[in-house]
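Treat the numbers as computed from the prediction; the structure is a model and nothing was measured.
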Amino acid sequence: MSGEIRRPPGVLTPFAAVALALLVLPLVALVLRVPWSDLPAVVAQPAVGEALWLSLSCAILATVACLVIGVPLAWWLASLAQVPGQRLYRVVRVLVLVPLVLPPVVGGLALLLLFGRSGLLGAPIAQLTGFSLPFTSAAVVVAQTFVALPFLVIAVEGALLGADRRVEDAAATLGATRWFTFAHVTLPMVAPAIGAGAVLAFARALGEFGATITLAGSLPGVTRTMPISTYLAMQSDPDAAIALALLLLVVSVLVLFALRGRWIGGVTATAPRAQAEAEAEAVAGGRGGPE
């Protein structure tokens with residue numbers, strides 16, 4: 001019957017319950033072990049404020065970097081998907097996905113071998129400018145961008161592949177250039193995916209540990225982010241580590257709330273043909289001359 005709720009077989013319910021428990025119970029254990037009486041004192045420590053500010057500021061910069069270079073990469077990747085054979089598309093997409101499956105420490109080591117003082121790019125940069133990237137705040141941003149970029153690229157690429165191409169075709173028929181069509185037709189269509197991908201990239205960057213500590217180290221106030229501070233606190237003050245972990249958990253939950261409904265639903269939404277053509281005509285009608 002149309003509209004009837006699809007119920008899974010009853011035999012699957014215990015497995016689903018185990019999976020849900022595996023995801024939820026560790027967070028419950030964390031919340032139950034939080035030293036609530038000491039929490040204000042721990043959060044008020046200057047080192048915690050420095051680590052939190054460094055994590056947030058670097059994650060924001062990494063997200064901006066992901067947007068600037070990730071959206072063009074996603075557009076290029078979606079274009080390659082339409083090429084007959086798609087061999088180049090498969091190769092490039094695998095390269096884009098590598099940071100998702102690569103151990104973060106390995107990614108940090110690879111970045112160090114690239115940008116280190118004796119690295120592939122780091123050596124000539126150091127000779128020309130005297131600047132060395134590792135163990136600086138900029139290294140934190142680079143490491144976070146490396147691990148977060150695939151999240152934005154894949155989200156935007158999927159939206160571009162699922163977008164109604166008739167809208168772009170209608171704009172081109174009305175004389176819009178490719179750049180005008182991309183900026184005024186394509187980007188608004190995939191804006192929800194860009195927003196969702198940016199928030200996911202921010203969350204991934206905020207929680208990055210392995211690549212950051214390998215490339216940037218753990219210099220207080222310079223490269224010691226919240227995840228690194230939490231790890232170091234585990235060695236000497238478990239209660240402080242739990243408090244710091246709670247702060248990261250709260251930020252993660254807020255990110256998930258930011259991703260609710262309107263963005264996730266917007267990624268898969270498509271406009272009817274008549275409405276799409278009307279929108280294309282509205283944005284391209286006054287734009288003359290092919291590219």
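In this view, T136 satisfies the side chain to side chain donor-acceptor pair (under 3.5 Å) rule with no residue, not counting sequence neighbours. Shown here are the salt bridge (Lys or Arg N to Asp or Glu O under 4.0 Å) partners of R204, two or more places apart in sequence or in another chain: E208.
When all heavy atoms of A216 and V140 are compared, the pair lying nearest together is CB-CG2, 3.7 Å. Looking at every heavy atom in both residues, A205 comes nearest to A62 through CB-CB, 4.2 Å. Here the closest heavy-atom approach between residue A193 and residue A159 is recorded as CB-CB, 3.3 Å.
Tested against W75, the residues V153, V190, L160 include a single side chain to side chain contact (heavy atoms under 4.5 Å, CB included) partner, L160.
V106 has its side chain out of reach of T214: every pair of non-hydrogen atoms, C-beta onward, lies at least 4.5 Å apart. The shortest distance between side-chain heavy atoms of L67 and I194 falls below 4.5 Å. Side-chain contact between L112 and P134: present, with at least one pair of heavy atoms (C-beta onward) separated by less than 4.5 Å. A 4.5 Å side-chain heavy-atom check between P9 and L12 finds at least one atom pair inside the cut-off. Side-chain contact between F115 and L120: absent, with no pair of heavy atoms (C-beta onward) separated by less than 4.5 Å.
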Return all side-chain donor-acceptor pairs below 3.5 angstrom for residues 26-55, not counting sequence neighbours, or 'none' if the list is empty.
| residue | atom | partner | partner atom | Å |
| --- | --- | --- | --- | --- |
| S55 | OG | A51 | O | 2.9 |
| S55 | OG | M226 | N | 2.7 |

In residues 231-249, what donor-acceptor pairs under 3.5 Å come from side-chain atoms, sequence neighbours left out?
| residue | atom | partner | partner atom | Å |
| --- | --- | --- | --- | --- |
| Q235 | NE2 | Y231 | O | 3.1 |
| D237 | OD1 | D239 | N | 3.4 |
| D237 | OD1 | A240 | N | 3.4 |

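Follow the hydrophobic side-chain contacts under 4.5 Å out from V251 and you never reach L23; the two are in separate clusters. With hydrophobic clusters built from ILVMFWY side chains whose heavy atoms lie under 4.5 angstrom apart, L56 shares a cluster with V199. Note on V105 and V98: separate hydrophobic clusters, where clusters join Ile, Leu, Val, Met, Phe, Trp and Tyr whose side-chain heavy atoms are under 4.5 Å apart, directly or indirectly. Cluster membership check: L88 shares its hydrophobic cluster with L161, using side-chain heavy-atom separations under 4.5 Å among Ile, Leu, Val, Met, Phe, Trp and Tyr. Grouping the Ile, Leu, Val, Met, Phe, Trp and Tyr side chains by contacts below 4.5 angstrom, directly or via other members, places V92 with L149.
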- request: Quick one: do L20 and F15 satisfy side-chain contact (heavy atoms from CB on, under 4.5 Å)? Show the steps, please.
  value: CA-CA 9 Å; L20 184 61; F15 297 95; over 6 Å; no
message: Using side-chain contact (heavy atoms from CB on, under 4.5 Å), reason through L109 and L215 one step at a time and then give a plain yes or no.
response: CA-CA 7 Å; L109 178 60; L215 179 65; over 6 Å; no
Worked check of side-chain contact (heavy atoms from CB on, under 4.5 Å) between L100 and F151: CA-CA 8 Å; L100 293 178; F151 289 88; 3.4 Å; yes
field: V91 vs R87, side-chain contact (heavy atoms from CB on, under 4.5 Å): CA-CA, chis, key distance, verdict
entry: CA-CA 6 Å; V91 172; R87 292 182 180 179; 5.7 Å; no
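Between the CZ atom in F146 and the CG atom in L114 there is a gap of 9.5 Å [rounded to 0.5 Å]. The distance from atom CG of L133 to atom CG of L121, rounded to the nearest 0.5 Å, is 10.5 Å. Going from atom CD1 of I69 over to atom OG1 of T145 covers 6.5 Å, rounded to the nearest 0.5 Å. To the nearest 0.5 angstrom, L80 atom CG is 9.0 Å from Y89 atom OH. With rounding to the nearest 0.5 Å, the separation of CD1 in I228 from CZ in F209 is 6.0 Å. Note that the CD1 atom of I125 and the CZ atom of R117 stand 11.5 Å from one another [nearest 0.5 Å].
With hydrogens and angles disregarded, no donor-acceptor distance shorter than 3.5 Å links the side chain of E157 to the backbone of A74.
Other members of the cluster containing V18 do not exist, because no ILVMFWY side chain is joined to it at under 4.5 Å. V141 shares a hydrophobic cluster with L61; the chain of contacts runs through ILVMFWY side chains whose heavy atoms sit under 4.5 Å apart.
Between the side chains of S218 and R224, at least one donor-acceptor pair of N or O atoms lies under 3.5 Å.
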